[in-house]
2 protein chains.
Amino acid sequence: MTRSALTRDEVLAAAAALVKRHGPAALTMRGLAAELGTAVTSIYWHVGNRESLLDALVERTVQDMGAIRPAGRTPAERIVSVARILRRELRERPHLIAMVHERGLTERMFLPAQRALVHEVRAAGLRGARAADAVRAIQFQIVGFLLVERNRERSPAQSPAEGELWDPRAAPDDPALARALARPADPERLFLLSVRALAQALLTPDAAAPPASG
Amino acid sequence: MTRSALTRDEVLAAAAALVKRHGPAALTMRGLAAELGTAVTSIYWHVGNRESLLDALVERTVQDMGAIRPAGRTPAERIVSVARILRRELRERPHLIAMVHERGLTERMFLPAQRALVHEVRAAGLRGARAADAVRAIQFQIVGFLLVERNRERSPAQSPAEGELWDPRAAPDDPALARALARPADPERLFLLSVRALAQALLTPDAAAPPASG
DNA sequence: ACCTGAACACCGTTCAAGT
DNA sequence: ACCTGAACACCGTTCAAGT
């Protein structure tokens, strides 16, 4: 019953499967060895240690992600579509966001999206430092939102729950507002709404102007 | 050399100090016991287990945070000031954001800020579900940004570095843009710029209108 | 070149026993 | 009521030894 020679790819595949099923915390060197039917120490020979195993895993998954093909008639619409694509890609790999983020590989993962954003921002007429700011603001917005959203569903039982938490007295004369805040948020809607609003503000020529009301 | 009776508060204080100095990962039950000069098991008697110890720690730190007193002439300005206050408070407690986030206590921590945002959004004339959306979008934006920013400084060595990563060929006719993206981002500037842009877009009456350009 | 078991230095947690 | 040491079931990693 000797197994065929263990390869690095085999180790990575098994590790990826483990992470996919039960998350990064479930990926233990010993558990992985058991899964593969080898001694723990063999894994070390192939991948170095747990850290570099995770690094390799992230790199592999990032490369698996599809290309960014923005759709829409206007730059703003296409920026929203970039956001939507990223959200979908990342939601198909639920554990990836946190892993990428923890390893400081967010830049790496966002490179294709950044290219697309640069293109759209320039199509909207922005140039130089102002264009770079817009790209980064949108980039941070997308990653940030996905991190928050991901975390919310990982620990859905907020304590105290959002409903109990929200004190209607804070908006006594606006029951609709109180009700809306007591309801759980619809993340997809909120995501698109946020990106759209930010993109709109960043792309309008008078973004440097003072805020509208007051 | 018998120590005086151990109290729950004493345990929490020592744990808080440990986390403050070296982060949550450095908080081990055994290390904490050593710090306190007691047996590991005594700690269990006082705080249950590591999970509830962390919970108590978070709750304590959140309560330590100052009140939110928005400043500024317009609702938009005051929203930005809320964001700025939160950022400062959280940067004074570098390990808190991640801990709160991991424990699903973000709602709890953001309650005072949410109240302030509700007030400002209503002052800008928004009502009902639309006001709730605006509050939540801004809230997500702030938390998300702070998570991303915090992570960036925890692992400053992005691999590959931002500079190397950025391929100038992606913006061949805009060297200023390429240079700006090759430089590290100024997080504070980007943060304020982002919140300002989002708030502006959400507060303007015609936010439902189609994007400006195209 | 690749694999192995034994060992080291850690974890969090439980439990029976002390005072 | 509070504290203790011993023990259990885990970790990641190293190392000398095998083939």
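Lettering follows sequence order; numbering is per chain, from 1.
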Show every donor-acceptor pair shorter than 3.5 Å between a side-chain atom in residues 18-37 of chain B and any protein atom, with sequence neighbours excluded, or say none if there are none.
from	atom 1	to	atom 2	distance (Å)
Arg21(B)	NH2	Glu35(B)	OE2	3.3
Thr28(B)	OG1	Gly31(B)	N	2.9

Across all chains, not counting sequence neighbours, the side chain to side chain contact (heavy atoms under 4.5 Å, CB included) partners of Ala113(A) are Ile68(A), Val82(A), Leu86(A), Phe110(A)
Residues passing the salt bridge (charged side-chain N to carboxylate O under 4.0 Å, His left out) test with Asp186(A), sequence neighbours excluded, are none
When rounded to whole Å, the CG to P distance for the pair Leu32(A) and dG12(D) reads 10 Å
Those residues at least two apart in sequence (or on a different chain) that pass side-chain hydrogen bond (donor to acceptor under 3.5 Å, both in side chains) with Gln139(B) are Gln114(B)
Across all chains, not counting sequence neighbours, the salt bridge (charged side-chain N to carboxylate O under 4.0 Å, His left out) partners of Arg93(A) are Glu89(A)
Which donor-acceptor pairs under 3.5 Å do side chains of residues 188-195 of chain A form with protein atoms, sequence neighbours excluded?
from	atom 1	to	atom 2	distance (Å)
Arg189(A)	NH2	Asp133(B)	OD1	2.9
Arg189(A)	NH2	Asp133(B)	OD2	2.2
Ser194(A)	OG	Leu190(A)	O	2.7

Hits for side-chain hydrogen bond (donor to acceptor under 3.5 Å, both in side chains) against Arg84(B), two or more places apart or cross-chain, chain-then-number order -> none
Stems for DNA chain C (at least 3 consecutive Watson-Crick or G-U pairs, under 3.5 Å) come to C:4-8 with D:12-16, C:12-16 with D:4-8
- Query: Counting just side-chain N and O atoms, does His46(A) come under 4.0 Å of either OP1 or OP2 of dA1(C)?
  - Reply: no
Quiz prompt | Ion pair Arg196(B)/Glu77(B), N-O distance below 4.0 Å | solution = no
Could you list, one pair per line, each protein nitrogen or oxygen that sits under 3.5 Å from a nitrogen or oxygen of nucleotides 13-19 of chain D, together with the distance?
from	atom 1	to	atom 2	distance (Å)
dT13(D)	OP2	Tyr44(A)	OH	3.1
dT13(D)	OP2	Arg50(A)	N	2.9

Contacts of Asp9(A) meeting salt bridge (charged side-chain N to carboxylate O under 4.0 Å, His left out) (sequence neighbours excluded), chain-then-number -> Arg60(A)
By salt bridge (charged side-chain N to carboxylate O under 4.0 Å, His left out), Glu149(B) pairs with (sequence neighbours left out) Arg87(B), Arg91(B)
Note: contacts of residues 17-28 of chain A with DNA chain D (heavy atom, under 4.0 Å) are Leu27(A), Thr28(A)
